Participant: 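Below: one structure in structure tokens.
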Amino acid sequence: MIPSIRGTRDILPAEVGRWQRVEGVARDLCARYGYAEVRTPVIEREELFAKGTGESTDIVQKEMYAFTDKGGDRITLRPEATPSMVRSFVEHALEQELPCAKLYSLGPMFRYERPQKGRYRQFHQLDIEVFGITDPAVDGEVIEMASALVTELGIEGAELVINSVGCAACRPRFTQALIDALGERVAELCGDCQRRSVTNPLRIFDCKVPADQPVIDQLPHSENFLCDACRDHFAEVRRHLDAYGLAYRVSHRLVRGLDYYTRTTFEILGTSLGAQNALLGGGRYDHLVKQLGGPDRSGIGFAAGLERLVLALPEGAGEMDVADAFVVALGDPSWFAARILARDLRRAGLTTLIDYEGRSSKSQMKRANRSRARHMLILGEDELATNQVTVKTMETGEQQTVARADLVAHLRAVRTD
RNA sequence: GUGGGUGUAGCUCAAUUGGUAGAGCGCCGGACUGUGGCUCCGGAUGUUGCGGGUUCAAUCCCCGUCACUCACCCCA
């Protein structure tokens, strides 16, 4: 046997219903909020993520499936969706043809990480992006939509966390304030934090090492360093969330790992997901489009991890629909008649199962039972002679004889009961 | 990349100080040749993750490796 690749997995029939449920709700939600779907390639130029996601991020530095193709170009499997969405938006000048550039995409992403609960090397994201609107009303709506996604999936106990990380004007001041406040205490922090204090001081807030917490607790809060414009923006975002009646927590420690975020950042955390508890995360990125060679347009969006949504889905969600009928053929003469009956029912839109191996009647009926089909349709020589079918309702055990011509109507009628 | 735990039938798990593998569920068939579920009877299936070592003998002990898993890290 040739096994599957580490960190990848087959989504098997027993679980695929849950996936279809998540994808179905996601697509429906996107449509209702006015988002248009975009499907971008799974492979992109490596530099798209180096410039977009950020050269300093772990994603780019050590998690990309990057390689040189036969033409000598540096290619990578996409580790996240946003840079691709921006590229597509810019490359096709989508703002010219879409009245309001709200885009979504659904598909696999790839990161070379150590697999863990809720974390795979090939994983799937729902990604939504809004381009060109700076008004905090969009931040509010995007966050409200993220919340609606979780709610409509029936996921309980999720927590919304928001923050503002400032903009190009005020973030440097805050970063400097962090470094100043840390001062000599840097030496007290863990190795990772010491590294972060140089590469990306904001990320110190992500640290979970208990010993570091007393120092981190005394660090300044980003909120107190926002410029007037960012402060106003953040206040407006919260007014919108309040108006929607959304419960949220403001956490000055919510600093997200991608370089491009400005102003609003947010996450929705799930319970019972283990350490990988972020169901979705996103924020505003007002300079990314320009940075990637496009016009100076703002952006905001989020990515939701489908594996994690599937994991968090309530028990019993996405159960597969049961078949309408299982055709049982008794004896050689009814072999073809049974097959034609199945074909006709399928053409009429009814989910129909049938056995292929000429099993005994008992065996076929056992299969009908196990298939959990609603009805067993018995077609033997008696029925053949009279142009009828014996219809047995599995749940009740009741059975009746129905004229072949009336069968579709009969099955449809009981289906909608 | 680092650390812990676990790898035995399709699934969940047994196997006594080391003596070459079993149960339940599931699957297939029969009892019941035109009536499923319940019951009873019968049946099939394993390179014990892989490779080495110790031993007369390894599922068991040792080493390596791979996979899964949890956590770190990272992030959806």
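This is a predicted model, so every value here is computed, not measured. Labels below follow one simple rule: chain letters A, B, ... track the order of the sequence lines, proteins then strands, and each chain is numbered from 1.
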Participant: Between A:Glu144 and A:Tyr33, is any side-chain donor less than 3.5 angstrom from a side-chain acceptor?
Facilitator: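 Yes, because at least one side-chain N or O of A:Glu144 sits under 3.5 Å from a partner of the opposite role on A:Tyr33.
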
Participant: Does A:Lys62 get its side chain close enough to the base of B:G1, under 3.5 Å, for a donor-acceptor pair?
Facilitator: no

Participant: Check whether any side-chain nitrogen or oxygen of A:Lys362 sits under 4.0 Å from OP1 or OP2 of B:G30, and answer yes or no.
Facilitator: no

Participant: Whole Å only: how far is the CG atom of A:Leu254 from the C1' atom of B:A76?
Facilitator: 13 Å

Participant: Can we say A:Arg308 and A:Glu267 salt-bridge, meaning some charged N sits less than 4.0 Å from an Asp/Glu carboxylate O?
Facilitator: no

Participant: For nucleotides B:U54 and B:A44, find the distance between their C1' atoms and express it as a whole number of Å.
Facilitator: 37 Å

Participant: Less than 4.0 angstrom from a charged side-chain N to a carboxylate O is my criterion; do A:Arg367 and A:Glu357 meet it?
Facilitator: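 Looking at A:Arg367 and A:Glu357, the cut-off is not met.
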
Participant: Who is the Watson-Crick or G-U wobble partner of B:C32, with both distances under 3.5 Å?
Facilitator: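 Looking at the geometry, B:C32 pairs with no nucleotide.
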
Participant: Which value, in whole Å, describes the distance between the C1' atoms of nucleotides B:G52 and B:A58?
Facilitator: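 Comparing C1' positions in B:G52 and B:A58 gives a spacing of 13 Å.
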
Participant: Indicate yes or no: at least one non-hydrogen side-chain atom of A:Ile378 is less than 4.5 angstrom from one of A:Leu330.
Facilitator: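 A side-chain contact under 4.5 Å exists here.
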
Participant: Considering just the side-chain nitrogens and oxygens of A:Gln116, establish if one lies under 4.0 Å of OP1 or OP2 belonging to B:A71.
Facilitator: yes

Participant: Could one point to a donor on the side chain of A:Arg119 or the base of B:C74 with an acceptor on the other under 3.5 Å away?
Facilitator: yes

Participant: Looking at A:Thr390, I'd like to know whether one of its side-chain N or O atoms comes within less than 4.0 Å of OP1 or OP2 on B:U35.
Facilitator: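 Answer no for this pair, as no side-chain N or O of A:Thr390 is under 4.0 Å from OP1 or OP2.
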
Participant: Say we look at B:U59 and B:G19: how far apart would their C1' atoms be, to the nearest angstrom?
Facilitator: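 My reading of the C1' atoms in B:U59 and B:G19 gives 12 Å.
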
Participant: From CD of A:Glu267 over to C1' of B:C74, roughly how many Å is that when rounded to an integer?
Facilitator: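 The answer, rounded to whole Å, is 12 Å.
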
Participant: Any ion pair linking A:Arg9 and A:Glu307 (charged N to carboxylate O, less than 4.0 Å)?
Facilitator: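 Salt bridge flag = no for A:Arg9 with A:Glu307.
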
Participant: Nearest whole angstrom, please: distance from the C1' of B:G1 to the CD of A:Gln61.
Facilitator: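 Interatomic distance, CD of A:Gln61 to C1' of B:G1: 13 Å.
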
Participant: Can you tell me how the ring of A:Phe205 sits relative to the ring of A:Phe174, calling it parallel under 30°, perpendicular over 60° and tilted otherwise?
Facilitator: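 If you compare the ring of A:Phe205 with that of A:Phe174, the planes turn out parallel.
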
Participant: With a 4.5 Å limit on heavy-atom distance, are the side chains of A:Tyr285 and A:Val86 in contact?
Facilitator: yes

Participant: Quick test of your reading: applying salt bridge (charged side-chain N to carboxylate O under 4.0 Å, His left out), list the pairs with at least one residue in residues 373-394 of chain A, sequence neighbours left out, ordered by first then second residue.
Facilitator: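 Checked against salt bridge (charged side-chain N to carboxylate O under 4.0 Å, His left out) - neighbours excluded - the pairs reaching residues 373-394 of chain A are A:Asp324-A:Arg374.
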
Participant: With P as the reference atom in both, quote the distance from B:A14 to B:A31 in angstrom, rounded to an integer.
Facilitator: 38 Å

Participant: Measure from CG on A:Asp332 to C1' on B:G34 and round the result to the nearest Å.
Facilitator: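 Distance check: A:Asp332 CG to B:G34 C1' gives 15 Å.
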
Participant: Between A:Glu159 and A:Arg249, does any NZ, NE, NH1 or NH2 come within less than 4.0 Å of an OD or OE carboxylate oxygen?
Facilitator: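 So A:Arg249 pairs with A:Glu159 through a salt bridge.
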
Participant: Counting C-beta onward and ignoring hydrogens, is there a side-chain heavy-atom pair between A:Val250 and A:Phe234 closer than 4.5 Å?
Facilitator: yes

Participant: Atom CD of A:Gln364 and atom C1' of B:U33: how far apart are they, to the nearest Å?
Facilitator: 13 Å

Participant: Answer with base, sugar-phosphate or nothing: what part of the nucleic acid does A:Gly270 contact at a heavy-atom distance below 4.0 Å?
Facilitator: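 Here A:Gly270 touches no strand at all.
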
Participant: In terms of side-chain heavy atoms of A:Arg359, which of B:A67, B:C28, B:G36 is nearest?
Facilitator: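 So the side chain of A:Arg359 is nearest to B:C28.
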
Participant: Could you check whether A:Arg32 pairs with A:Asp28 (Lys NZ or Arg NE/NH1/NH2 to Asp/Glu carboxylate O, under 4.0 Å)?
Facilitator: yes

Participant: Identify the nucleotide, in any strand shown, that forms a Watson-Crick or G-U wobble pair with B:C27, with both distances under 3.5 Å; if there is none, say none.
Facilitator: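 The answer is B:G43, by the H-bond criterion.
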
Participant: C1' atom, B:G4 versus B:U45: distance in rounded Å?
Facilitator: 34 Å

Participant: Among residues 300-314 of chain A, which residues get a heavy atom nearer than 4.0 Å to RNA chain B?
Facilitator: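 Listed by number, they are A:Ala303, A:Gly305, A:Arg308.
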
Participant: Determine which nucleotide pairs with B:G3, using a 3.5 Å limit on both distances of a Watson-Crick or G-U wobble pair.
Facilitator: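 When the pairing criteria are applied, B:C70 turns out to be the nucleotide that pairs with B:G3.
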
Participant: From B:U35, B:A71, B:A76, pick the nucleotide closest to the side chain of A:Lys117?
Facilitator: B:A71

Participant: Looking across every strand, which nucleic acid part, if any, lies under 4.0 Å from A:Leu280 by heavy atom: base, sugar-phosphate, or nothing?
Facilitator: sugar-phosphate

Participant: On RNA chain B, nearest-nucleotide positions of A:Arg111 versus A:Thr8: which is more 5'?
Facilitator: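 The answer here is A:Thr8.
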
Participant: For atom C1', what is the distance between B:A21 and B:A9, given to the nearest Å?
Facilitator: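 Approximately 10 Å lies between the C1' atom of B:A21 and that of B:A9.
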
Participant: Considering only atom P, compute the distance from B:U48 to B:C60 and round it to an integer number of Å.
Facilitator: 10 Å

Participant: Which one, B:U35, B:U2, B:G34, comes nearest to the side chain of A:Arg114?
Facilitator: B:U2

Participant: On RNA chain B, nearest-nucleotide positions of A:Ser4 versus A:Gly331: which is more 5'?
Facilitator: A:Gly331

Participant: Send over the distance from A:Leu279 CG to B:A76 P, rounded to a whole Å.
Facilitator: 12 Å

Participant: Determine which nucleotide pairs with B:U65, using a 3.5 Å limit on both distances of a Watson-Crick or G-U wobble pair.
Facilitator: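 Across all strands, the one nucleotide that pairs with B:U65 is B:G49.
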
Participant: Are A:Glu44 and A:Ser84 linked by a side-chain donor-acceptor pair shorter than 3.5 Å?
Facilitator: yes

Participant: So A:Gly118, base contact, sugar-phosphate only, or nothing? Heavy-atom distance under 4.0 Å.
Facilitator: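 The answer is base, as A:Gly118 lies within the cut-off (heavy atoms under 4.0 Å) of a base atom.
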
Participant: With a 4.0 Å cut-off on N to O distance, would you call A:Arg78 and A:Asp127 a salt bridge?
Facilitator: no

Participant: Give the rounded distance in Å between these two atoms: CD of A:Gln400 and P of B:G34.
Facilitator: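 A:Gln400 atom CD is separated from B:G34 atom P by 22 Å.
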
Participant: Looking at B:G19, which nucleotide sits across from it as a Watson-Crick or G-U wobble partner, both distances under 3.5 angstrom, or is there none?
Facilitator: B:C56

Participant: In this structure, how many angstroms lie between the C1' atom of B:U65 and the CZ atom of A:Arg6, rounded?
Facilitator: 12 Å

Participant: Which of residues 366-385 of chain A sit near RNA chain B, with a heavy atom under 4.0 Å from it?
Facilitator: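 Within residues 366-385 of chain A, the residues near RNA chain B are A:Lys366, A:Arg367, A:Asn369, A:Arg370, A:Met376, A:Ile378, A:Gly380, A:Glu381, A:Asp382, A:Glu383.
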
Participant: Between B:U35 and B:A23, how far apart are the P atoms? Round to whole Å, please.
Facilitator: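 Per the computed distance, 33 Å lies between those P atoms.
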
Participant: Among the nucleotides B:C74, B:U33, B:A76, which one has an atom lying closest to any side-chain atom of A:Asp58?
Facilitator: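 Output: B:C74.
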
